Asker: 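Dropping a structure here in structure tokens format, bear with me for questions.
Note that this is a predicted model, so its numbers are computed, not measured.
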Amino acid sequence: MDRMFRVISFWTGIFTVLFYAGDMIGLSVLFLAQTIFFLGIGYLNLSERLYMYIFGAYLTVFMVGFTYYVTFLLEPSFAH
């Protein structure tokens, strides 16, 4: 399971570079933080159960943040 967290950190690192190249600095910093988090967790050699708990907590925090953003902060529009 520790290898899967390193794989996730690889892909979040790819997204970090792509967002930076696309001049989306805020998202780039967010994904850089996620990359560092997943890479750090990937080298701790924790138990499988703890890795699953950490990933479940990560998904919960993501869904709460995403729901808050979409519900209260996003201004829907079809034009720039």
Side-chain angles (χ1 to χ4, degrees):
M1 194 67 179
D2 54 344
R3 291 181 187 166
M4 290 312 300
F5 272 81
R6 285 183 242 155
V7 169
I8 294 170
S9 72
F10 169 77
W11 285 110
T12 54
I14 294 294
F15 277 101
T16 300
V17 172
L18 292 175
F19 283 136
Y20 185 74
D23 201 30
M24 296 183 227
I25 304 302
L27 276 176
S28 178
V29 171
L30 176 67
F31 271 77
L32 180 63
Q34 291 182 38
T35 301
I36 293 168
F37 170 74
F38 284 132
L39 194 61
I41 294 295
Y43 281 107
L44 287 180
N45 293 329
L46 304 172
S47 68
E48 298 285 323
R49 179 179 287 180
L50 192 53
Y51 277 122
M52 293 303 292
Y53 285 154
I54 290 171
F55 190 66
Y58 169 77
L59 291 180
T60 303
V61 168
F62 167 78
M63 285 307 297
V64 168
F66 181 75
T67 304
Y68 176 79
Y69 176 77
V70 169
T71 305
F72 299 112
L73 301 178
L74 182 66
E75 296 178 10
S77 66
F78 294 104
H80 292 280

Asker: Under 4.5 Å between side-chain heavy atoms, hopping through other hydrophobics if needed: is there a path connecting L59 to M1?
Answerer: yes
Asker: Taking the side chain as every heavy atom from C-beta outward, state whether F37 and I54 have any pair of such atoms under 4.5 Å apart.
Answerer: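 The answer is yes; the side chains approach within 4.5 Å.
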Asker: Quick one: OG on S9 to CD1 on I36, what's the gap to the nearest 0.5 Å?
Answerer: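 Going from OG on S9 over to CD1 on I36, the span is 10.5 Å.
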Asker: Do L46 and F38 sit in the same hydrophobic cluster, where Ile, Leu, Val, Met, Phe, Trp and Tyr count as joined when their side-chain heavy atoms come under 4.5 Å apart?
Answerer: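 Yes, L46 connects to F38 through the hydrophobic network.
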Asker: Starting from L44, can I reach Y58 by hopping between I/L/V/M/F/W/Y residues whose side chains sit under 4.5 Å apart?
Answerer: yes
Asker: Shared ILVMFWY cluster between M63 and M52, side chains joined below 4.5 angstrom?
Answerer: no
Asker: Same cluster or not: are I8 and L30 linked, directly or through other Ile, Leu, Val, Met, Phe, Trp or Tyr residues, by side-chain heavy atoms under 4.5 angstrom apart?
Answerer: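 The answer is no; the residues belong to distinct hydrophobic clusters.
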Asker: How many angstroms lie between atom CG of L50 and atom CG of D2, to the nearest 0.5 angstrom?
Answerer: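 Answer rounded to 0.5 Å: 12.0 Å.
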Asker: State the CD1-CZ distance between I41 and F5, to the nearest 0.5 angstrom.
Answerer: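 Reported value, rounded in 0.5 Å steps: 7.0 Å.
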Asker: Are F55 and M4 packed together at the side-chain level, in the sense that at least one heavy-atom pair is separated by less than 4.5 angstrom?
Answerer: no
Asker: Could you tell me whether the side chain of Y51 and the main chain of N45 form a donor-acceptor pair under 3.5 Å?
Answerer: yes
Asker: May I ask you to check if R6 and Y43 form a cation-pi contact, with NZ or CZ under 6.0 angstrom from the six-membered ring centre and within 45° of the axis?
Answerer: yes
Asker: Can you tell me how the ring of Y68 sits relative to the ring of F72, calling it parallel under 30°, perpendicular over 60° and tilted otherwise?
Answerer: tilted
Asker: Of the non-hydrogen atoms in T67 and T71, which two are nearest, and what is the gap between them?
Answerer: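 Taking T67 first and T71 second, the nearest heavy atoms are O-OG1, 2.7 Å.
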Asker: What donor-acceptor contacts under 3.5 angstrom involve side-chain atoms of residues 13-24, with partners at least two apart or in another chain?
Answerer:
residue: T16; atom: OG1; partner: T12; partner atom: O; Å: 2.7
residue: T16; atom: OG1; partner: F31; partner atom: O; Å: 3.4
residue: T16; atom: OG1; partner: L32; partner atom: N; Å: 3.3

